[in-house]
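Note sheet for the following structure.
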Protein chains: 2
Amino acid sequence: MSSRSQVIADTLTRAVIDHRLVPGCKLGERELAEIFDVSRIVIRQALIRLADDGLAQIERNRGAFVAKPSMQEAMEIYDALTLVEQGVAAQLSDRLGPAGWAELRQHVERQRQAVAAGNDALADVLGQEFHTVFVRLSRNKVMQEIHAQLVRRTTLLRSLITADFDYCNLLDDHSRLIDLLEKGRLKQAMELIDTHHRTVVRGYIMDRQVFPELTPREALASFLEDKGNGAAKADAPKKTGKTSGDGHASAHRHTQSPKQIRQ
Amino acid sequence: MSSRSQVIADTLTRAVIDHRLVPGCKLGERELAEIFDVSRIVIRQALIRLADDGLAQIERNRGAFVAKPSMQEAMEIYDALTLVEQGVAAQLSDRLGPAGWAELRQHVERQRQAVAAGNDALADVLGQEFHTVFVRLSRNKVMQEIHAQLVRRTTLLRSLITADFDYCNLLDDHSRLIDLLEKGRLKQAMELIDTHHRTVVRGYIMDRQVFPELTPREALASFLEDKGNGAAKADAPKKTGKTSGDGHASAHRHTQSPKQIRQ
DNA sequence: AAACTATTGATTGGTATCCAATCTTGTGGT
DNA sequence: ACCACAAGATTGGATACCAATCAATAGTTT
């Protein structure tokens with residue numbers, strides 16, 4: 001249904017927020033065209049979409065690269081995210097019904113169980129997803145899209161840094177946030193959101209040089225496999241690219257292997 | 001410096017927010033390609049940019065049209081705008097220095113003078129611009145871009161409705177907002193922002209059928225003239241497309257002349 | 001006459017090929 | 001070691017072409 005450039009843009013987006021394509025990585029038209037078996041023009045359209053989303057930057061006559069935000073921009077993204085989530089919190093504290101609170105609590109509970117079961121990967125995804133669910137309850141699609149875009153960009157940021165903190169703390173934050181909001185303690189709730197994000201940022205140490213771990217061809221190998229199967233080609237990337245979680249309750253650490261650097 | 005598709009996207013954006021191109025208007029590739037004297041591919045890239053910005057919608061195998069948001073979406077856009085401006089207000093009330101407040105007051109003063117001088121067009125632009133200046137003082141480029149996009153979309157909405165209110169009231173709102181914020185009366189300030197936008201929305205009567213006033217060729221005639229001159233071609237559209245004001249303190253009324261309708 | 005169907009025409013999405021401008025790189029001379 | 005210049009590669013764009021699909025018309029049937 002979607003145009004091919006949209007599918008490819010979604011696939012690339014997924015690759016970026018999964019840290020398979022890291023900031024600074026060159027996204028050559030010819031190379032991508034070969035990988036996706038499509039003409040260069042379709043690739044260019046996909047890259048325009050990525051650039052509009054803030055995940056890539058296109059330099060005239062030099063090509064597209066995975067975006068490499070400055071520390072300043074990183075701060076701004078987190079500030080914007082905080083602002084949005086605080087605003088949504090304010091709205092929800094007024095308008096959210098019992099069913100909504102229940103859904104949030106249930107989500108936290110699922111994450112707690114994942115932690116208890118030692119399934120860190122799932123816990124990670126759920127922790128990220130919480131914020132998305134939170135905003136979804138505002139029932140404002142425009143706001144959802146803005147938030148999703150900001151979240152994607154924070155996820156991109158996590159490629160640039162070495163996170164180092166435990167996320168049990170953050171899970172507690174989610175639980176406490178619900179409590180505060182339901183009790184109408186809006187001011188404290190907003191304070192919590194602020195410190196929550198600040199905790200995340202503070203856990204980050206920005207490495208100025210980031211080393212690509214994978215070439216585009218390696219990073220997108222899974223897509224090539226999918227393409228072999230045939231059916232899953234168009235569906236899978238679209239869905240995961242849009243709905244699946246992203247966020248910042250990660251404890252990953254990236255091994256650094258110098259290879260091809262930009263700047 | 002920018003790619004041609006970007007320049008064209010900016011030109012089209014300006015035409016849309018100036019209401020020369022109204023919601024539902026068909027944006028045919030071939031027609032635009034002739035108008036701008038470029039290949040269809042460049043046009044398609046420009047249309048992708050517009051669609052990503054929420055100003056156009058592309059339907060597969062049917063083409064691109066100027067976006068025609070539903071009443072629901074209109075509400076969501078205004079809610080999002082309110083949320084963003086409230087958040088910025090909260091930040092500014094803490095962090096803004098005397099110079100900032102002075103800039104805001106000066107801006108209101110300029111608008112007041114324009115009103116006094118009977119220069120309604122200028123007053124309109126300044127009234128719209130106030131919100132942009134307000135957000136700019138947050139010194140957060142990411143937030144600025146989000147806000148600018150939302151403002152563009154509200155401006156698009158104004159094509160869909162018949163506004164009917166005087167904007168002296170809104171000018172007072174701006175002045176009062178500054179007073180409240182500087183005095184730290186944050187809660188009242190946020191309430192004011194909310195009612196400010198609600199006033200705007202309430203002044204609107206959504207007409208379900210919108211009639212294109214101009215064909216793309218007519219709407220973009222000024223561009224064609226510029227192109228004849230040669231020099232002003234690349235500069236003018238770029239600059240105005242990005243910085244010049246948009247907002248909602250308008251008192252325009254659109255005459256309706258049935259012509260080519262969609263749906 | 002009204003409703004359904006088929007053909008035609010126009011438009012879009014996409015490919016392949018070509019070209020100019022620009023960037024990068026590597027080589028050679030000093 | 002350093003600078004200049006030429007060669008190669010890459011991007012931005014034009015053009016021509018094709019298949020798929022939508023819209024609208026004309027024709028057929030009831």
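What you see is a predicted model, and the numbers here were worked out from it, not measured in a lab. Proteins come first, then strands; the chains are lettered A, B, ... in the order of their sequence lines, and each starts at number 1.
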Going by side-chain hydrogen bond (donor to acceptor under 3.5 Å, both in side chains), name the residues that satisfy it together with [X], two or more places apart in sequence or in a different chain.
X: A/Q144; value: none
X: A/N61; value: none
X: B/E31; value: none

| Would you find a donor on one side and an acceptor on the other, under 3.5 Å apart, between the side chain of B/H131 and the backbone of B/A148? |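 Such a contact is absent between B/H131 side chain and B/A148 backbone.
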Pairs under 3.5 angstrom only: tabulate donor-acceptor contacts from the side chains of residues 41-52 of chain B to other protein residues two or more places apart or in another chain.
unit_1, atom_1, unit_2, atom_2, d
B/R44, NE, B/E29, OE2, 3.1
B/R49, NE, B/Q6, OE1, 2.8
B/R49, NH1, B/S5, OG, 2.5

| task | For DNA chain C, note the earliest and the latest nucleotide, 5' to 3', having some atom under 4.0 Å of a heavy atom belonging to chain A. | result |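 First-to-last contact on DNA chain C, by the 4.0 Å heavy-atom rule, is C/dG14 to C/dT24.
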| request: Output all residues satisfying side-chain contact (heavy atoms from CB on, under 4.5 Å) with B/R30, sequence neighbours left out; order by chain, then residue number. | output: B/E34, B/R40
| message | Taking side-chain contact (heavy atoms from CB on, under 4.5 Å) as the definition, give me every residue that meets it alongside B/Q149, ordered by chain and number, with sequence neighbours left out. | response |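 Counting only residues at least two positions away or on another chain, B/Q149 forms a side-chain contact (heavy atoms from CB on, under 4.5 Å) with B/D53, B/R152, B/R153.
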Listed pairs, N/O of protein and of nucleotides 10-12 of chain D, under 3.5 Å:
unit_1, atom_1, unit_2, atom_2, d
D/dT11, OP1, A/E29, N, 3.2
D/dG12, OP2, A/E29, OE2, 3.0
D/dG12, N7, A/R40, NH2, 3.0
D/dG12, N7, A/R44, NH1, 3.4

| Validation row: A/D79, B/M143 side chains within 4.5 angstrom (heavy atoms) |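 Sidechains of B/M143 and A/D79: no contact.
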| message | In the structure I gave you, are the side-chain heavy atoms of A/Y78 and A/L150 within less than 4.5 Å of one another anywhere? | response | no
| note | To the nearest angstrom, the CD-P distance between B/E34 and D/dT15 comes to 12 Å
| request: Find the bend of the helix from C/dA1-D/dT30 to C/dT30-D/dA1 as the angle between its two terminal axes (five pairs each), to the nearest 10°. | output: 10°
| remark: Applying ring-ring contact (aromatic ring centres under 6.0 Å, His included) to A/F134 and not counting sequence neighbours gives none
